[in-house]
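As structure tokens, the structure follows; a few thoughts come after it.
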Amino acid sequence: MLIRNNMIEHRLQQTIGEVLASLYNIEATADSIVLQTTRKEFEGDFTLVVFPYVKQARKSPEMVANEIGAAVKERIAEIESFNVVKGFLNFKIGDAYWLQFVGSEKDNATFGIKQCAAGAAPVVVEYSSPNTNKPLHLGHIRNNLLGWSVSNLLAANGHNVKKVNLVNDRGIHICKSMLAWQRYGNGETPESTGIKGDHLVGKYYVEFDKHYKEEVRQLMEQGRAEEDAKKEAPLMVEAQAMLKKWEEGDKEIRDLWNMMNGWVYAGFDETYRQMGVAFDKVYYESQTYLLGKELVQKGLDMGVLFRKEDGSVWCDLTGDGLDQKLLLRRDGTSVYMTQDLGTALLRHNEFGAERLVYVVGNEQDYHFKVLKLVLSKLGFDWADKVYHLSYGMVELPNGKMKSREGTVVDADDLIAEMEKTAEEMSKEHGKNDDMSQEEQKQLYHMLALGALKYFILKVDPTKTMLFNPAESIDFNGNTGPFIQYTHARIRSIVRKGIEEQNLDLSQTIDGMSLTEKEREIIKSLHDLPSVVEQAAENYSPAMIANYAYDLCKNFNSFYQDTPILREENGRLKCFRVQLCQMVSTAIRNTMNILGIEVPERM
RNA sequence: GGUUCCGUAGCUCAGCUGGAUAGAGCAACUGCCUUCUAAGCAGUAGGUCCUGCGUUCGAAUCGCAGCGGAAUCACCA
């Protein structure tokens, strides 16, 4: 494993720092010296912009660059040459360094992935957190894929990650489904209808809404104001009563609730399995919703919270530029925020976490701002360990998804559709006809999920993204299957090299000179460890996706016009296959961070 | 109205803490499969980086203002 201090960039930074000090008396720490990769149109590998130093050096940019270049070259043997264009100092690293890099990493199956430090405090990542009244849709898909891949990403950067899910299994929404099922369900079950459990429950949620709307309409026809009608509609009144009974532990209601939630969980489990996500621990809101009340009492005692005349409890955040926030209702029951305070404390205590990451949509930015503030007001110094990974909404061409308008993109439907597309595409290409049915099915699933996951994860998590169902998800260009395809092609070469040509990939190749494209690929590989680091710091799987795409572009260009197994020089052939192997490892490791599997052939 | 986020090619998106002539993919148009998998490669065309002002050697990137869009500001979760 390459240690960061040995990386050539770091040595360059350090040496440049020394040179700046000795030549111009300029104090600059190694970290403050920014190196960038040299742009393609210029010769070199790393570039130093010298403008920041010309003032103190009191010389022209060209002179400064030349002086620094000469002095640095003097001290670092790996530098082959340097050149100066205006204020840009370009260093060219000799091929020996790149060859040595490939030699030392070519067999490292975990290249780019850091090992978890022993005994490291865990990072707890909460994601998914569904409601149990309807099936998962595209928005949940983004959440789940992000949660899963960010967890992998943090783990790849050496963190001990625990994935948790907090299921919102109680509340008025599930009562609506329950009530509608009682009324209109005729005893339907997933078994009797063949409908997936979460979809069946979702069906009754929609059913409730339909009848409820009708009641509201009738009340308004009788002259009721809309607001009153909404409150007085019999269905709503009954749903509220059901919630109350639930809270009182009414056996009949609890049984119904258990049964219907059971259906939903079976459905969710299936969708999670399809998406390839999992959790280390699942919390249920029915078990946590009472947590936090003690905290509120503590806050009252401390004087950081206050009680209004009606008995409700609030936190005054006006001093922080926010509003007052309700923490206990007038009847003493808790709200979402109360529960979240409690679960945060619970989680902090349970895990001794270094960080508590919440993968939650940016519509809840305000909620998390408040959560952190209240925690710190309550005297918890770990409040700043709470990190809201705030991601953007998924929009459709005509705006937001609205379940009432039937514009939601269902997760199961979408996955099934993608699998169908993958099958069609594969059959069209006809490259896998000799595979068994089972292998083919697995491949279609792998490609379908690869396309879907990559499509979603390649965009910056913080940004709102658009999904156009009509155009569907592509399999060409900057896509998951493109990367999977590149991997399959490479593996094919490596297999043939070993099996058919008996190449010995363990030999060390040195003393040769690299082509432009080879050097491009090696430099790209060389970047991977720092890309993983940066991506993890930014909680951005997108940076991993973009890196992988770039690497594949470079490789395919190389593949197109460079003989590999057809190369006649044996050592050169061996080196190129070693390079192939390393690229395939990098592709596999980066794709695995995204939760995408890569095939041996396709 | 207050707060926060966003605005880059026809469309979807990159562009890291300010750096060289702003990049990909899709869509359009040209080439390349008797040779390691053409789900590929090479090329053409496409830009007022929303607008204006400012900061400085240098701005898509930082600051301010404006325009446009989104989210949020519930005794919902």
Side-chain angles (χ1 to χ4, degrees), chain A residues 32 34 36 38-39 41-42 47 49 51-52 54-55 61 85-88 90 129 131 168 170-173 285 289 308 310-314 321-323 325-331 333-337 339-340 361-367 369-370 390 392-393 395 397 399-400 422 425-426 428-429 431 447 451 455 458-460 462-468 471 474-479 481-486 488-493 496-497 500 530-531 534-535 537-538 540 542-543 545-546 549-550 552-553 556-567 576-577 580 601-602:
Chain A
S32 73
V34 279
Q36 39 193 296
T38 305
R39 297 187 57 144
E41 53 268 41
F42 300 96
T47 295
V49 182
F51 290 114
V54 299
K55 207 168 189 180
V85 182
K86 292 191 281 183
F88 298 85
N90 304 316
S129 311
N131 291 345
N168 185 6
R170 50 138 246 137
I172 192 71
H173 51 83
E285 200 192 292
Y289 81 105
K308 285 191 179 171
D310 64 1
S312 55
V313 178
W314 298 73
L322 305 177
D323 299 320
K325 182 72 194 176
L326 177 89
L327 292 179
L328 283 183
R329 295 194 186 94
R330 130 183 85 201
D331 61 6
T333 57
S334 60
V335 293
Y336 180 44
M337 182 62 71
Q339 176 213 239
D340 254 10
N362 62 12
E363 53 197 353
Q364 293 194 38
D365 284 354
Y366 183 78
H367 174 80
K369 212 182 261 181
V370 172
S390 163
M393 299 290 100
E395 286 184 355
K400 262 185 103 167
M425 298 284 289
S426 295
E428 205 174 293
H429 286 104
K431 295 175 185 172
L447 297 179
F455 180 85
K458 78 172 171 185
V459 345
D460 183 337
T462 64
K463 290 193 174 170
T464 306
M465 66 172 291
L466 190 118
F467 176 79
N468 189 339
E471 287 173 14
D474 230 311
F475 281 63
N476 298 313
N478 187 359
T479 67
F482 166 84
I483 291 170
Q484 290 170 317
Y485 175 70
T486 305
R489 278 210 305 199
I490 296 175
R491 291 299 304 155
S492 167
I493 288 180
K496 282 182 181 162
E500 293 173 16
S530 72
V531 169
Q534 278 187 51
E537 279 163 17
N538 290 293
S540 174
M543 292 172 76
N546 289 324
Y549 176 64
D550 197 54
C552 287
K553 287 276 299 178
N556 283 331
S557 173
F558 162 76
Y559 174 94
Q560 193 67 24
D561 56 17
T562 312
I564 301 170
L565 292 175
R566 287 178 317 209
E567 170 58 46
R576 288 185 178 153
V577 176
C580 284
R601 43 173 300 204
M602 67 185 266

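Every heavy atom of this structure was used, including side-chain atoms; hydrogens, water molecules and symmetry mates were not. The sequence lines fix the lettering, A, B, ..., with proteins before strands; numbering per chain opens at 1. All figures in this text were calculated on a predicted structure; none of them were measured in a lab.
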Spacing of the C1' atoms in B:G40 and B:G47 (rounded, Å): 28 Å
Atom NZ of A:K55 with >12 non-hydrogen neighbours under 6.0 angstrom: no
Closest to the A:K496 side chain, choosing from B:U37, B:A39, B:A77: B:U37
P atoms of B:U12 and B:A27, separation to the nearest Å: 15 Å
Protein-nucleotide distance (A:Q534, atom CD; B:G15, atom C1'), rounded to Å: 13 Å
P spacing across the pair B:G66 / B:A59, given as an integer number of angstrom: 24 Å
Listed nucleotide nearest any side-chain atom of A:Y549, set B:A39, B:G25, B:G19: B:G25
Contact state string [nucleotides 3-13 of chain B, B base, S sugar-phosphate only, - no protein heavy atom under 4.0 Å]: ----S----SS
A:H173 over B:A77, stacked by centroid distance under 5.5 Å, angle under 30°: no
Pair partner, B:A28 [Watson-Crick or wobble, under 3.5 Å]: B:U44
Set of residues satisfying side-chain hydrogen bond (donor to acceptor under 3.5 Å, both in side chains) with respect to A:T479, sequence neighbours excluded: none
Watson-Crick/G-U partner (both atom distances under 3.5 Å) of B:C5: B:G69
Side chain of A:V49 (C-beta onward), nearest among B:A71, B:G19, B:U37: B:G19
Aromatic-base stack, A:F51 on B:G19, cutoff 5.5 Å, angle under 30: yes
B:U21: pairing nucleotide in any strand, Watson-Crick or G-U under 3.5 angstrom: none
A:K369 NZ to A:L322 CG distance, which is reported to the nearest 0.5 Å: 6.0 Å
Contact under 4.0 Å: A:N556 side-chain N or O vs B:C41 OP1/OP2: yes
Check ion pair A:E285-A:R170 (N to O, under 4.0 angstrom): yes
Touch class at under 4.0 angstrom, heavy-atom based, for A:E285 against every strand present: sugar-phosphate
Position toward the 5' end of RNA chain B (nearest nucleotide), A:V85 or A:N131: A:V85
Residue pair A:F482 / A:N476, side-chain heavy-atom distance below 4.5 Å: no
Residue matched to B:G54 through Watson-Crick or wobble contacts both under 3.5 angstrom: B:C62
Touch class at under 4.0 angstrom, heavy-atom based, for A:E363 against every strand present: sugar-phosphate
Minimum heavy-atom distance A:M543-A:V531, with the two atoms named: O-CG1, 4.1 Å
Ring-on-base stacking B:A20 with A:F88 (under 5.5 Å, under 30°): yes
Short side-chain to backbone donor-acceptor contact, A:R601 and A:S492, under 3.5 Å: no
Base of B:A20 paired with side chain of A:N90 (donor-acceptor, under 3.5 Å): yes
B:G25 and B:U44, which share atom name P, separated by this distance in whole Å: 12 Å
Between B:U72 (P) and A:Y336 (OH): distance, integer Å: 13 Å
Below 4.0 Å: OP1/OP2 of B:C36 and any side-chain N or O of A:R566: no
Polar pair under 3.5 Å, donor/acceptor by atom type, side chain A:S426, base B:A39: yes
Selection from B:A39, B:A71, B:U37 that lies nearest to any side-chain heavy atom of A:L447: B:A39
Presence of A:R489 side-chain N/O under 4.0 Å of B:A39 phosphate oxygens OP1/OP2: no
Protein-nucleotide distance (A:K431, atom NZ; B:C36, atom P), rounded to Å: 12 Å
B:C33 pairs with, by Watson-Crick or G-U criteria that keep both distances under 3.5 Å: none
Within 6.0 angstrom of A:E41 CD, more than 12 heavy atoms from elsewhere: yes
Whether A:F455 and A:F467 hold their rings parallel, tilted or perpendicular, with breakpoints at 30° and 60°: perpendicular
P atoms of B:C13 and B:U21, separation to the nearest Å: 29 Å
Side-chain donor or acceptor of A:S312 paired with backbone N/O of A:K308 under 3.5 Å: no
Side chains of A:K325 and A:W314 in contact at under 4.5 Å (non-hydrogen atoms): no
Base B:A42 paired with A:S557 side chain (donor-acceptor, <3.5 Å): no
Residues A:N168 and A:S129: side-chain donor-acceptor under 3.5 angstrom: no
Length of the line joining A:Y559:OH and B:G40:P, which is rounded to integer Å: 13 Å
Student check: side-chain heavy atoms of A:T333 and A:Y289 closer than 4.5 Å: no
Inter-nucleotide C1' distance (B:A9, B:A77), Å rounded: 41 Å
Sugar-phosphate only, base, or nothing, as touched by A:P61 at under 4.0 Å among non-hydrogen atoms: nothing
Spacing between A:Y289 atom OH and B:C76 atom C1', to the nearest angstrom: 16 Å
Separation of the C1' atoms in B:G63 and B:U55, to the nearest angstrom: 7 Å
Contact under 4.0 Å: A:R329 side-chain N or O vs B:C76 OP1/OP2: yes
C1' gap between B:A39 and B:C50, integer Å: 37 Å
A:F42-B:A20 aromatic stacking (under 5.5 Å, under 30°): yes
Sugar-phosphate, base or nothing in reach of A:S129, heavy atoms under 4.0 Å: nothing
Heavy-atom protein contacts under 4.0 Å, nucleotides 27-32 of chain B, coded B base, S sugar-phosphate only, - none: ------
Below 4.0 Å: OP1/OP2 of B:G58 and any side-chain N or O of A:K86: no
Below 4.0 Å: OP1/OP2 of B:A39 and any side-chain N or O of A:Y485: yes
Atom pair SG/CD1 of A:C580 and A:I490 - distance to nearest 0.5 Å: 6.0 Å
Value in whole Å for how far the C1' atom of B:A74 lies from CG of A:D323: 11 Å
Separation of atom CG in A:N476 from atom P in B:A38, rounded to whole Å: 14 Å
Separation of B:C16 C1' from A:E537 CD (nearest whole Å): 11 Å
Anti versus syn assignment for B:C33, with syn defined as within 90° of 0: syn
Residue whose closest nucleotide on RNA chain B lies nearer the 5' end, A:F558 versus A:Q364: A:F558
Shortest side-chain distance from A:I493, nucleotide among B:C36, B:A39, B:A77: B:C36
